[in-house]
S.K.: 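Before I ask anything, let me first share the structure, which is written out below as structure tokens.
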Amino acid sequence: MAVSANLGEGNHAIVVYRIEGMQQTALLKLPRYEQPVDMHWASDTRLLVAKGRLVGSREKPVATGEIIATDFDGRHQLYVFGYQVRKTGMDRGFGVIEGFPPVRNGHFYMRHLAANSSRSMLYDMDAERGTSRLVADIGKQDMAFVLDPGGVPRFSFGTTDDNLYLLYQANAQGKDWQPASAGKSGGKFVPFAISADGSEVFATYSTDGGPAFLVRSDLAGARRTTLASDPFGSVGDVEWSTAHQPFAATIANGRPRSVYFDETSVAAQEHRQISSKFPDHYVTYVNHTADGNVTLLYAYSDRDPGTWYLFNRNKATIEPLLAARGSIDPARMGERRHIRFKASDGLELDGYLTLPAGVQAPRKLPMVLLPHGGPHVEGDQWAFDNDAQFLASRGYLVLQVNYRGSEGRGDAFERAGYRHWGTRVQDDLIDGVRWTIAQGYTDPDRICSYGASFGAYSAMMVAARAPELVKCAAGLSGLYDLASFATDSDTASTSYGRNYIARVLGNDRNEWRTSSPVHLAGQIKVPVLLAHGEIDKRTPYAQAVAMKKALESAGNAPEWMSVPGEAHGFYKDENNAAFYRRLEAFLARNIGTTKSP
């Protein structure tokens, strides 16, 4: 078993264990601020790793396009592909692990995005020797491939820099690529797997920008059958059987639940039975051994970061292997309760209330509004949330709202947040606060807003737009000036990023100004805490400095925490601990709680 291990302070490693006795066979330390973003066994003994670069603890690692391989014991390490090495017949570029042959033989399929052209190509790569063979060339930029069980590419899909969705289909030999559609009814058809006999395709499908549901159809996109759907949100992850076929999908609105494609199938009955052994948790399959006898499980909950287990079918045993964060005691954590409410314009929104441990019926509690970052990312979910649980453990009710612009409810819901970062998105958060007050859950005189990155932006914007609602505002690694973000951030350093900024923010600099906290500091009358890493490139340190100066000029000097050597969120334990102590004391002074940690 291969594990990505966080060693602390931006250091990561790949650890390999023999399952029996969990005996370590290899420990491969990566350069600081690098982390695996994808790992697979190319054979019984050969491990394949796609590398990523960390940009801060508040952001997912960014794939670098580099792929390395190693034996299970750490020997025979090979830099398979990346910008450092040029292979015969291949330009330097960006590599993505795309799939594997039916029988793992040390080979894998790699999607290659050339650095000096606008073509996506698929190669058969040898993870032992690093040699390659061209399999497909779609002639379009950044297109993913879907392979049939025989390893033949049949579909290719992607999105242009202008966010136009493209779908292509090949013949049975993986040749003659032609534009494809979702059938006569139109819609967005995104394939992800081919059936075992090669005659059908599994895909997500949506119409009119609505939530995506999961379908199965023939390869022409006709005779489509819906396997799982939810009118409120898109279908989530898929569960895979030992035969490498999807048998269930996850509906993730609120506590996750499985939708089985065939309730009577062996796979469905088995998964249901295993899940019953983990009450109050959600159980998902990570992967299976080639013979189908052993399965790696992951069980998690709103209060439990999760544990990996080994399920042996022959022995009928389930044994724990590793805990994600073993020092967390779920019994001391708070319930995350799913909520739905109507925004002021009538649109139904959802979110989560995290309750202090032991609280069943919240009444007049001090509350922290905790907007998620992004903003155009997957919204808050039922799983364990570090910030929410920290705040709940200090006696606060925590409100998280999946405002429009969040992913997970279809393209139209996400687009509804475009060019409305400072207006409608903030109104959704404000409406959520007012809803909790109307329910009697929170004390209207003890509410604070706090967030990180875009969440910090929202924390300040809510304080400026609805000063009567919040008594304080705190921001970590925040975005405070849209014009500066559009020119000086690492997002603005690539053509893809610049197109993203133009799409979601527009080009009206006056709109940017009226939607930037740095220009609304005079409207923020409550105490403010600002914390920022000095080498942050996602929301550069200059943003926090500008916000600090603007508040000082308005006569509201903030509490200030400037951290050298940290980027977009903190990696060092001592810096994280120091920040949370500052946040805890800040909240206690301004909205108070008698709860002790």
Side-chain angles (χ1 to χ4, degrees), residues 1-6 12-20 22 24 35-41 47-50 52 60-61 97 192-193 214 228 235-260 267-313 315-331 333 336 352 378 380-386 388-389 408:
M1 182 175 68
V3 177
S4 174
N6 185 347
H12 289 77
I14 302 162
V15 188
V16 182
Y17 298 95
R18 288 188 184 274
I19 293 298
E20 187 173 355
M22 289 299 287
Q24 181 179 305
Q35 178 183 348
V37 294
D38 201 10
M39 291 196 298
H40 299 274
W41 289 101
L47 180 66
L48 203 59
V49 179
K60 293 181 179 179
I97 301 170
F192 65 87
L214 197 142
V235 171
D237 294 335
V238 170
E239 296 293 338
W240 297 83
S241 71
T242 56
H244 309 293
Q245 290 292 293
F247 71 90
T250 304
I251 304 297
N253 301 311
R255 178 175 173 175
R257 61 191 188 277
S258 295
V259 177
Y260 300 110
Q269 294 181 52
E270 181 184 75
H271 185 266
R272 189 185 299 111
Q273 183 179 17
I274 292 172
S275 297
S276 69
K277 299 182 182 298
F278 296 90
D280 303 321
H281 285 66
Y282 186 73
V283 176
T284 182
Y285 289 168
V286 179
N287 51 34
H288 313 278
T289 54
D291 62 6
N293 179 46
V294 178
T295 292
L296 187 64
L297 310 173
Y298 181 61
Y300 68 92
S301 77
D302 57 339
R303 309 180 199 201
D304 182 357
T307 299
W308 286 269
Y309 297 83
L310 205 65
F311 170 45
N312 188 302
R313 289 174 174 80
K315 297 179 180 178
T317 57
I318 299 177
E319 299 177 355
L321 294 179
L322 293 170
R325 296 173 64 185
S327 60
I328 296 292
D329 180 3
M333 300 298 106
R336 284 174 61 75
Y352 293 86
E378 190 172 47
D380 291 306
Q381 296 185 328
W382 179 77
F384 186 91
D385 185 295
N386 190 68
Q389 291 293 355

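Sequential numbering from 1 along the given sequence is applied to the chain's residues.
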S.K.: According to side-chain hydrogen bond (donor to acceptor under 3.5 Å, both in side chains), does anything in residues 243-257 pair up with another residue at least two apart or in another chain? List the pairs.
M.R.: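 The answer is D230-N253, D230-R257, T250-Y282.
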
S.K.: With side chains defined as the heavy atoms from C-beta onward, is the minimum distance between V238 and F192 less than 4.5 Å?
M.R.: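 SC-SC contact between V238 and F192 confirmed.
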
S.K.: Between atom CE of M39 and atom OG of S4, what is the distance when rounded to the nearest 0.5 Å?
M.R.: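 Going from the CE atom of M39 to the OG atom of S4 covers 5.5 Å.
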
S.K.: I'd like to know whether L297 forms a side-chain contact (heavy atoms from CB on, under 4.5 Å) with L310, so could you lay out the CA-CA distance, the side-chain angles of the two residues, the decisive distance to 0.1 Å, and finally the verdict.
M.R.: CA-CA 6 Å; L297 310 173; L310 205 65; over 6 Å; no

S.K.: For H12, enumerate each residue passing the ring-ring contact (aromatic ring centres under 6.0 Å, His included) test, keeping only those at least two apart in sequence or located in another chain.
M.R.: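 None.
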
S.K.: Identify the two heavy atoms, one from Y300 and one from P305, that lie closest to each other, and give their separation to 0.1 Å.
M.R.: CB-O, 4.1 Å

S.K.: Do N6 and Q35 have side-chain heavy atoms sitting under 4.5 Å apart?
M.R.: no

S.K.: Passes side-chain contact (heavy atoms from CB on, under 4.5 Å), Y17 versus V15? Steps please.
M.R.: CA-CA 7 Å; Y17 298 95; V15 188; 3.5 Å; yes

S.K.: Taking all heavy atoms of D304 and all of F384, pick out the closest pair and write down the distance.
M.R.: N-CD1, 4.0 Å

S.K.: Just checking, is any N or O donor in the side chain of H288 or T242 under 3.5 Å from an acceptor N or O on the other one?
M.R.: no

S.K.: Check this for me: Q24, atom CD, are more than 12 non-hydrogen atoms of other residues, nucleotides or ligands nearer than 6.0 Å?
M.R.: yes

S.K.: How long is the straight-line distance from CD1 of I328 back to CD of Q389, given to the nearest 0.5 Å?
M.R.: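 Going from the CD atom of Q389 to the CD1 atom of I328 covers 8.0 Å.
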
S.K.: Assess whether side-chain contact (heavy atoms from CB on, under 4.5 Å) is satisfied between L322 and T307, documenting all intermediate values.
M.R.: CA-CA 6 Å; L322 293 170; T307 299; over 6 Å; no

S.K.: Measure across Y352 and D380 and return the closest heavy-atom pair with its distance rounded to 0.1 Å.
M.R.: CE1-O, 3.1 Å

S.K.: Between the side chains of T284 and E239, is a donor N or O closer than 3.5 angstrom to an acceptor N or O?
M.R.: yes

S.K.: Which heavy atom in V37 sits nearest to a heavy atom in G52, and how many Å separate them?
M.R.: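 The pair with the smallest heavy-atom distance is CG1-CA, 3.7 Å.
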
S.K.: Verify, without hydrogens or angle tests, whether H271 (side chain) and F247 (backbone) share a donor-acceptor contact under 3.5 angstrom.
M.R.: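 A pair under 3.5 Å: no.
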
S.K.: List the steps and the verdict of side-chain contact (heavy atoms from CB on, under 4.5 Å) for V16 and M1.
M.R.: CA-CA 6 Å; V16 182; M1 182 175 68; over 6 Å; no

S.K.: Is any side-chain heavy atom of V286 closer than 4.5 Å to a side-chain heavy atom of W240?
M.R.: no

S.K.: Give the minimum heavy-atom separation between A228 and V235, together with the two atoms involved.
M.R.: O-CG2, 3.3 Å

S.K.: Do the non-hydrogen side-chain atoms of P320 and W308 ever get within less than 4.5 Å of each other?
M.R.: no

S.K.: Would you say the side-chain atoms of R336 pair up with the backbone N or O of Q381, donor to acceptor, closer than 3.5 Å?
M.R.: yes

S.K.: Counting N and O atoms only, with roles assigned by atom type, does the side chain of S258 sit under 3.5 Å from a partner on the main chain of A248, one being a donor and the other an acceptor?
M.R.: no

S.K.: Would you say CG of D237 has more than 12 non-hydrogen atoms from neighbouring residues, nucleotides or ligands within 6.0 angstrom?
M.R.: no

S.K.: Can you check whether T295 reaches N287 side chain to side chain, under 4.5 Å on heavy atoms?
M.R.: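 No; the side chains remain at least 4.5 Å from each other.
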
S.K.: Measuring centre to centre across the rings, with the benzene-like ring taken for any Trp, is Y309 within less than 6.0 Å of F311?
M.R.: no

S.K.: Mind listing the closest non-hydrogen atom pair of L321 and M22 along with its distance?
M.R.: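 Minimum heavy-atom separation between L321 and M22: CD2-SD, 3.7 Å.
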
S.K.: Determine whether more than 12 heavy atoms belonging to other residues, nucleotides or ligands lie under 6.0 Å from atom CZ of R18.
M.R.: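 No, because the 6.0 Å sphere around CZ of R18 holds 12 heavy atoms or fewer from other groups.
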
S.K.: Run the salt bridge (Lys or Arg N to Asp or Glu O under 4.0 Å) test against E270 and tell me which residues pass, sequence neighbours left out.
M.R.: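 E270 satisfies salt bridge (Lys or Arg N to Asp or Glu O under 4.0 Å) with R313 once adjacent residues are dropped.
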
